[in-house]
Amino acid sequence: MTDILTQTIQQIELTIFKRFSELAAKYRLHYIAMGGTLLGAIRHQGFIPWDDDMDIALLRPDYERLLEVAPAEFQNDHYYLQTPWSDDNYALSYAKILDRNTYIEERNNVNNARKGVFLDIFPLDKVPDSTEKQRRQIINIRKLDSRIYLKLRYNIIDNPIRKFQGALSSEQLTAANIFKQKRQSLMTTYNDHPDLNLVKNLASQYAYEKELFSLNQVKEVTTVPFEDTQIVVPKDYDVILNGLYGDYFKLPPESQQVEKHIVKLIYDNQVFER
């Protein structure tokens with residue numbers, strides 16, 4: 001049964017998604033639902049009841065176009081585009097659209113980046129056909145991830161000492177930004193190769209091959225119901241979901257039907273927590 005915290009988060013995320021969808025339509029940006037959002041769209045016609053995030057992906061050119069236009073679009077409303085460049089304390093390699101009227105605390109994620117209920121937006125980049133080159137690329141990206149997390153003081157648990165630490169110096173932020181630039185260069189290494197046909201969410205938490213798509217799988221899409229709106233999904237969703245989850249219409253055991261991320265929300269002068 002979905003608790004009040006998860007219900008509230010889902011409603012806020014749905015509103016963020018609708019705003020994103022407006023931008024996608026206005027600027028003709030092509031996106032697809034990913035991961036648990038894709039599974040929820042097909043199996044539940046909306047959120048997985050216990051899920052507390054939404055995942056969207058765009059091919060890198062559309063992703064970069066979104067990053068160009070969103071700040072001006074959000075200038076007069078309560079959304080904020082969080083990227084490695086807009087938030088110096090943000091260590092991740094992909095973007096989020098945050099609702100600035102909210103504040104959250106996440107499980108196993110303590111850091112000084114800006115906080116709010118969010119929509120995850122992932123770039124899809126071309127990757128080489130060679131498994132050895134794939135392996136080398138992802139290992140080097142993960143090494144840079146680790147360096148950036150360390151520089152920006154990302155921790156699994158809160159440390160009392162953190163309260164006595166000052167803000168990061170300009171030298172520390174510059175070092176982190178250099179690592180961020182190197183990481184993005186690695187992620188985009190193969191995008192100018194017209195002969196390559198495989199793309200990947202290089203920030204994925206799934207096993208490498210589970211979010212590895214052909215360009216046709218990303219470009220051939222359909223629209224399906226999602227809560228009280230519509231969402232774009234790959235036409236090949238059955239193959240993709242079987243690869244991710246196996247028999248994806250079978251619900252997991254109750255012990256696994258748990259929220260993944262958010263443990264506290266402050267919204268509308270109320271505190272929700274679990």
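Since this is a predicted model, take the numbers as computed values, not measurements.
Here the closest non-hydrogen pair linking Leu265 and Thr102 is CD1-CB, 4.0 Å.
Val218 and Tyr208 fall within a single hydrophobic cluster, where Ile, Leu, Val, Met, Phe, Trp and Tyr side chains are chained together by heavy-atom contacts under 4.5 Å. Residue Val233 is grouped with residue Phe249 when hydrophobic side chains (ILVMFWY) are merged at heavy-atom distances under 4.5 angstrom, including chains of intermediate members. Residue Tyr103 is not grouped with residue Ile262 when hydrophobic side chains (ILVMFWY) are merged at heavy-atom distances under 4.5 angstrom, including chains of intermediate members. Hydrophobic cluster membership differs between Ile141 and Trp85, with clusters built from Ile, Leu, Val, Met, Phe, Trp and Tyr side chains linked at under 4.5 angstrom.
Within 6.0 Å of CD in Glu132 there are more than 12 heavy atoms belonging to other residues, nucleotides or ligands. Within a 6.0 Å radius of CD in Glu254, no more than 12 heavy atoms belonging to other residues, nucleotides or ligands are found.
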Start with the C-alpha distance between Arg114 and Tyr80, add both sets of side-chain angles, then the distance that settles side-chain contact (heavy atoms from CB on, under 4.5 Å), and finish with yes or no. CA-CA 10 Å; Arg114 197 160 180 171; Tyr80 169 67; 3.5 Å; yes
Leu215 vs Leu59, side-chain contact (heavy atoms from CB on, under 4.5 Å): CA-CA, chis, key distance, verdict: CA-CA 9 Å; Leu215 282 171; Leu59 289 170; 4.1 Å; yes
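Using a 4.0 Å cut-off between charged side-chain N and carboxylate O, Asp99 and Arg19 make no salt bridge. Ion pairing between a basic and an acidic side chain is recognised when a charged N comes within 4.0 Å of a carboxylate O; Arg60 and Glu64 show such pairing. The residues Arg65 and Asp62 are annotated as not salt-bridged, no charged nitrogen and carboxylate oxygen being separated by less than 4.0 angstrom.
Side chains of Asn191 and Thr188: a donor-acceptor N/O pair is absent below 3.5 angstrom, by distance only. Between Gln11 and Tyr267, the side chains place no donor N or O within less than 3.5 Å of an acceptor N or O (distance only, hydrogens not considered).
For the side chain to side chain contact (heavy atoms under 4.5 Å, CB included) with Ile32, the lone residue among Leu124, Thr222, Leu38 that qualifies is Leu124. The only member of Asp53, Leu81, Asp120, Leu119 that meets side chain to side chain contact (heavy atoms under 4.5 Å, CB included) when paired with Lys96 is Asp120. Tested against Tyr27, the residues Glu22, Glu68, Glu73 include a single side-chain hydrogen bond (donor to acceptor under 3.5 Å, both in side chains) partner, Glu73.
Side chain of Lys133 to main chain of Pro128: no donor-acceptor pair is present (N/O by atom type, distance under 3.5 Å, no hydrogens or angles). Within the 3.5 Å criterion, the main-chain N or O of Ile48 finds a donor-acceptor partner in the side chain of Gln10.
Classified by interplanar angle (parallel below 30°, tilted 30° to 60°, perpendicular above 60°), the ring pair Phe17/Phe226 is tilted. In this structure, Tyr94 and Phe122 have tilted ring planes: the angle between them lies in the 30° to 60° band.
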